[in-house]
Number of protein chains: 2
Amino acid sequence: MAKKDYSCENCLNDPNSIFSVLSDEEREYLLKYHSCVHHRKGSIIYSEGDKPTGLLYLTNGKVKIFKEGIGGRDQIVRLAKPLGFIGYRALFADENYSASAVALEESDICNLERNVLFSVLGNNSALSFKLMQSMAQELGLSNTRTVSLTQKHIRGRLAESLFFLINTYGFDVDQQTIKVYLSREDIANLSNMTTSNAIRTLSMFASEGVIKLNGRKIEVLDLAQLKRISEMG
Amino acid sequence: MAKKDYSCENCLNDPNSIFSVLSDEEREYLLKYHSCVHHRKGSIIYSEGDKPTGLLYLTNGKVKIFKEGIGGRDQIVRLAKPLGFIGYRALFADENYSASAVALEESDICNLERNVLFSVLGNNSALSFKLMQSMAQELGLSNTRTVSLTQKHIRGRLAESLFFLINTYGFDVDQQTIKVYLSREDIANLSNMTTSNAIRTLSMFASEGVIKLNGRKIEVLDLAQLKRISEMG
DNA sequence: ATATTTGTATGTTTTATAACATAATGCCGA
DNA sequence: TCGGCATTATGTTATAAAACATACAAATAT
């Protein structure tokens, strides 16, 4: 699955990343003890129960993080995009992974070694604070999602999931094609419904003119109406 | 609702609390800028949308944190017990409160001022790390809960909620009476079901000999069976 | 080129649970 | 102590969504 390790030079240098709060020395130190792996589409990055060895940093590609539920029914809890972390929750909680991560497309992932990272965190409270902040935001999303997934009806849940995809990955240049290509099953696992119902409800949205389907490609034709469906429950 | 402010001397001194990692100076500093409030049963501590002014620390009592859902149907996202924090998520995410907090019984709550706390956090990376750790654990719980609440059937959800209460508040000296007295509505709001169904399903458990009901008092007679029900879905 | 698997699509049946209706009970203030 | 209101209780009905069944298309392997 994963190609051989390699060390990339630039992964911590992006000015938009959380690592901008590092001193040059700290960045050097982290870089020295990191390794990168390429994952192809469908490749398992880690599985529920595995022990984290470091902080994973997605530099390229898309990744789904999901928990296995009753009767093997998965629930996608998060979708990662480049310059985002993966597997940080388990690392900081000092637990084994409580979810699995799989590449949705070709992805590059850097591993920052646990002890090295922790020693930097011990000296750099700004980095700790930044991480805490993003975890707090994530927790907010998770709680909101719990309420939506349990209380909204199927159309509302699907509409909300489409917004989730838009917010995470955005649109193509045409400003209406959602920039991620998920299987109907993944869409179902994101929206807490069966694959059948995801397919059926997507078809309904299409026949209502809210979206246009073309294989896995989803074009949003009426964003305002989609919002209305999402909010109606 | 809330009685007049007062300053307590001991709230940061407990050796079991997260504040054990503070230096004496830091503790002094935090104490100087804190105030405590007494809340009586049912009193609102904060509401969804309010702006946090500091970190709230529950020294005495029990508090429910809940989000308002579709059609005013609440979902309890967390239950706090003494020496636990309240409202930290919004504070650290730099957002307004995304949930409301209400005292379930007479409670004492200390408010550590935002700026004072943040300046301590800036110097004490151990405290940042501890907070990050508890937030990571909380996020894990939240994700697990999402899957249970969406995928388990009504009996499984209720059984899991009873375990949640046991894990949070424990048993009385008799080792079987759950040490918290919630209304049927609160139990329903914890378990993602209607009040009717909470009542009905509790009755079923009682008639099966798994629990014994006496008003709001719940005695667990067969913990193993309750676990089985929770895990069966 | 053909077989096999995987994903997509849609119709039908079944079931869990919400919604509704109506009592009974307990609690609090007048 | 009484009346009123909230909580608890339980039976009935309605309905949303899962489960099931089947078909077809597309991708992949043989």
Side-chain angles (χ1 to χ4, degrees), chain A residues 40-42 64 69-75 102 104-105 147-161 180-208 211-218 229 232-233, chain B residues 40-42 64 69-75 102 104-105 147-161 180-208 211-219 229-230 232-233:
Chain A
R40 54 184 45 172
K41 190 174 163 172
K64 66 171 172 181
I70 317 291
R73 225 178 103 187
D74 294 340
Q75 174 66 49
V102 164
L104 288 171
E105 44 185 70
V147 175
S148 298
L149 289 177
T150 54
Q151 296 196 0
K152 280 187 185 175
H153 283 180
I154 204 163
R155 287 166 58 87
R157 297 205 302 274
L158 182 64
E160 181 171 297
S161 289
V180 63
Y181 298 87
L182 295 179
S183 68
R184 301 294 196 257
E185 191 181 4
D186 277 338
I187 292 176
N189 290 344
L190 190 63
S191 316
N192 180 36
M193 60 184 67
T194 57
T195 307
S196 295
N197 277 327
I199 291 166
R200 195 192 313 273
T201 312
L202 280 172
S203 304
M204 285 180 67
F205 285 0
S207 73
E208 292 166 17
I211 60 174
K212 182 159 170 268
L213 294 169
N214 186 355
R216 293 191 174 190
K217 192 161 99 176
I218 300 173
I229 296 171
M232 280 197 327
Chain B
R40 53 185 49 173
K41 189 172 166 175
K64 66 172 171 180
I70 318 292
R73 225 178 103 186
D74 295 339
Q75 174 66 49
V102 164
L104 288 170
E105 43 186 72
V147 175
S148 297
L149 289 178
T150 54
Q151 297 195 1
K152 280 186 183 174
H153 283 181
I154 203 163
R155 287 167 59 88
R157 297 205 302 275
L158 182 64
E160 181 171 296
S161 289
V180 62
Y181 299 86
L182 296 179
S183 69
R184 301 296 196 257
E185 190 181 5
D186 277 338
I187 293 176
N189 290 343
L190 191 63
S191 316
N192 180 37
M193 60 185 67
T194 55
T195 308
S196 295
N197 276 327
I199 291 166
R200 196 191 314 272
T201 312
L202 279 172
S203 305
M204 284 180 67
F205 286 180
S207 73
E208 291 164 18
I211 61 173
K212 182 160 169 264
L213 295 168
N214 186 354
R216 294 189 172 189
K217 191 161 100 174
I218 301 173
E219 284 176 72
I229 296 171
S230 168
M232 281 198 325

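The sequence lines fix the lettering, A, B, ..., with proteins before strands; numbering per chain opens at 1.
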Between [N] ([atom2]) and [X] ([atom1]): distance, integer Å:
X	N	atom1	atom2	value
B/Leu182	D/dT7	CG	P	13 Å
A/Tyr181	C/dT8	OH	P	14 Å
B/Ile70	C/dT17	CD1	P	19 Å
B/Lys217	D/dT8	NZ	P	16 Å
A/Asn214	D/dA26	CG	C1'	14 Å
A/Met204	C/dG11	CE	P	12 Å
A/Ile199	D/dC24	CD1	P	16 Å
A/Gln151	C/dA19	CD	C1'	15 Å

Atom [atom1] of [X] and atom [atom2] of [Y]: how far apart are they, to the nearest 0.5 Å?
X	Y	atom1	atom2	result
B/Ile229	B/Lys152	CD1	NZ	11.0 Å
B/Leu149	B/Glu160	CG	CD	6.5 Å
B/Asn197	B/Ile154	CG	CD1	3.5 Å

Base, sugar-phosphate or nothing for [X]? Non-hydrogen atoms, less than 4.0 Å.
X	result
A/Ser196	base
A/Arg184	sugar-phosphate
B/Asp186	nothing

*Between B/Arg200 and B/Glu185, who's closer to the 5' end of DNA chain D by nearest nucleotide?*
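Of the two residues, B/Glu185 wins.
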*asked:* Using OP1 and OP2 only, check whether a side-chain N or O of B/Asn197 sits under 4.0 Å from C/dT17.
replied: no
*Counting just side-chain N and O atoms, does B/Thr194 come under 4.0 Å of either OP1 or OP2 of C/dA18?*
yes
*asked:* In the structure I gave you, are the side-chain heavy atoms of A/Arg73 and A/Asn192 within less than 4.5 Å of one another anywhere?
replied: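 When only atoms from C-beta onward are counted, A/Asn192 and A/Arg73 do touch, with a gap below 4.5 Å.
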*Quick one: are A/Arg216 and A/Ser183 in side-chain contact, heavy atoms under 4.5 Å?*
yes
*Could you check which of C/dA18, D/dA16, D/dA9 has an atom nearest any side-chain atom of B/Ile154?*
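The closest nucleotide is C/dA18.
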*Residue A/Met193, side-chain heavy atoms: nucleotide from C/dT17, D/dA9, D/dA18 that is nearest*: D/dA18
_Ignoring hydrogens and geometry beyond distance, is the side chain of B/Arg216 in donor-acceptor contact with the base of C/dG26 at under 3.5 Å?_
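It does not, because no donor-acceptor pair links the side chain of B/Arg216 to the base of C/dG26 below 3.5 Å.
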